[in-house]
Amino acid sequence: MSNPSLVVECPRCGLMTARFVDMCRNCGYKLWPSSVMASAAFKAWRAVDPEHRSEVSRFDMDYPVHMDDVIDFEARAHQLGIHLSPPSNWPFVICFGLLFLGLAAIPLASTTRIVLAVIGGLIFLWGVVGWVVVDDSKMFPTDGPGPEVHH
């Protein structure tokens, strides 16, 4: 139980195989009398040092390696000189308005088509104004109430 190794050498073929599986993965040699015994041995082995062995499966041949997989895409894009627009929900509002405008194109009663077109147009315009005016003012705030200087 004090042996930290996760692999053993198969007595028949000599290849390294997982220590707590009941048969060799290469030649099928029976390493444990049953999978129940192999599982019980694995649980006892893991209980000896639960801090380091808690993330290991009985089928593993190596201890898991923890890597920092977090990538800051904004910083990486800035390094590469790529402009990323800020995240926005306004495109979904615009598409919702276009849905109603598309429904207005279906040959229905003229009153229904006009109502759908008006609703779709209002939602579409609301999305465009929100995306262009609201998001732009958040992204590029004005510094002061002074007059604009054009160069």
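Scope of the values below: all heavy atoms of this structure, side chains included, with no hydrogens, waters or symmetry mates. We're numbering straight along the sequence, starting at 1. These numbers were taken from a predicted model, which means no experiment stands behind them.
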Within one Ile-Leu-Val-Met-Phe-Trp-Tyr cluster: [X] and [Y], side-chain cutoff 4.5 Å:
X: V128; Y: W90; answer: yes
X: V118; Y: L125; answer: no
X: I123; Y: I114; answer: no
X: F20; Y: V7; answer: no
X: V134; Y: I94; answer: no

Looking at every heavy atom in both W45 and S5, which two are closest together, and how far apart are they? CZ2-O, 4.2 Å
For E55 versus D60, what's the shortest heavy-atom pair and its separation? O-OD2, 4.3 Å
Applying side-chain contact (heavy atoms from CB on, under 4.5 Å) to M61 and L6, what does each step give before you reach the verdict? CA-CA 5 Å; M61 295 182 68; L6 286 172; 5.6 Å; no
For L99, all residues meeting side-chain contact (heavy atoms from CB on, under 4.5 Å), sequence neighbours excluded: F96, L103
R58 (side chain) donor-acceptor with F42 (main chain) under 3.5 angstrom: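 No, because the side chain of R58 does not come within donor-acceptor range (under 3.5 Å) of the backbone of F42.
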Would you say that more than 12 heavy atoms from the other residues, nucleotides or ligands in this model lie under 6.0 Å from the CG of D49, or not? yes
Can D72 and R76 be said to form a side-chain contact (heavy atoms from CB on, under 4.5 Å), step by step? CA-CA 6 Å; D72 186 3; R76 182 72 176 139; over 6 Å; no
List the atom pairs, donor and acceptor, that lie under 3.5 Å between side-chain atoms in residues 23-40 and the rest of the protein, sequence neighbours left out.
residue: R25; atom: NH2; partner: F59; partner atom: O; Å: 2.5
residue: W32; atom: NE1; partner: R19; partner atom: O; Å: 2.9
residue: S34; atom: OG; partner: V36; partner atom: N; Å: 3.4
residue: S34; atom: OG; partner: M37; partner atom: N; Å: 3.2

Atom pair SG (C95) and CZ (F100), whose distance is rounded to the nearest 0.5 Å: 13.0 Å
